[in-house]
Amino acid sequence: MFHTTLLGYDRLEVDDHLRQAELAHARLADERDAAGARCRELERRLNAAHHENTGLRERIELLQRQPIDAAALQERLRGMLDVAREEADEHLAAARVQAARELETARREVAELQRLRDRLRDQLHQASELLEADLHTDPPAPPRLVAA
């Protein structure tokens, strides 16, 4: 792995290797932190979508429980009410489709971030093990010179 010198390994090579390992370790930690922040943002957005979805469901239930008695309205008002109901149904259907799309996108992004987090965690663990092994490895004894 390292070139040997008269007194063991080349110190500059070993120091350079340790610096590179430390930089890789720091970079992986930064990537892990960024992925964690993105994951928290997606969780926040997912929770907001759930909250909005709950509100829409409550509104639907309220509208279904309190139907307007169309028989008591004049013909013109009945037509307006029908148009309003159709528009409301269209809006609700569009909102449901959009909420489902956003939920699916958020789930995909969360899954991808979890895979990234796991991969970064593994890489960080491997880098830590290498760094730990390098710090605890004793250099080999220098070669002995034999008098001729």
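Cluster partners of Leu46, by chain and number: Leu103. The rule joins Ile, Leu, Val, Met, Phe, Trp and Tyr whenever side-chain heavy atoms lie under 4.5 Å apart. Annotation for Val83: hydrophobic cluster partners, listed by chain and number, are none (ILVMFWY side-chain heavy atoms under 4.5 Å, direct or chained).
The nearest pair of heavy atoms linking Ala29 to Leu124 is N-CD1, 4.3 Å. Between Leu28 and Ala127, the closest heavy-atom pair is CD1-CB, 4.3 Å.
Under the salt bridge (charged side-chain N to carboxylate O under 4.0 Å, His left out) criterion, Glu109 pairs with Arg38, sequence neighbours left out. Listed by chain and number, the residues in a side-chain hydrogen bond (donor to acceptor under 3.5 Å, both in side chains) with Gln114 amount to none (sequence neighbours excluded). Under the salt bridge (charged side-chain N to carboxylate O under 4.0 Å, His left out) criterion, Asp118 pairs with Arg121, not counting sequence neighbours. Listed by chain and residue number, His125 satisfy the side-chain hydrogen bond (donor to acceptor under 3.5 Å, both in side chains) test with Glu129 (two or more places apart in sequence, or in another chain). Take Arg107 and apply the salt bridge (charged side-chain N to carboxylate O under 4.0 Å, His left out) test, not counting sequence neighbours, and it matches no residue. With sequence neighbours excluded, the residues that form a salt bridge (charged side-chain N to carboxylate O under 4.0 Å, His left out) with Glu31 are Arg27.
To the nearest 0.5 angstrom, Glu13 atom CD is 11.5 Å from Leu18 atom CG. Atom-to-atom distance recorded for Leu42:CG and Leu113:CG is 5.5 Å, nearest 0.5 angstrom. Rounding to the nearest 0.5 Å places CG of Leu131 at 12.5 Å from CD of Gln20.
Sorted by first and then second residue, the pairs that involve residues 88-105 and meet side chain to side chain donor-acceptor pair (under 3.5 Å), not counting sequence neighbours, are Gln98-Arg101, Gln98-Glu102, Thr105-Arg108. Applying the side chain to side chain donor-acceptor pair (under 3.5 Å) test to pairs two or more places apart or on separate chains, those with a residue in residues 43-59 are Glu41-Arg44.
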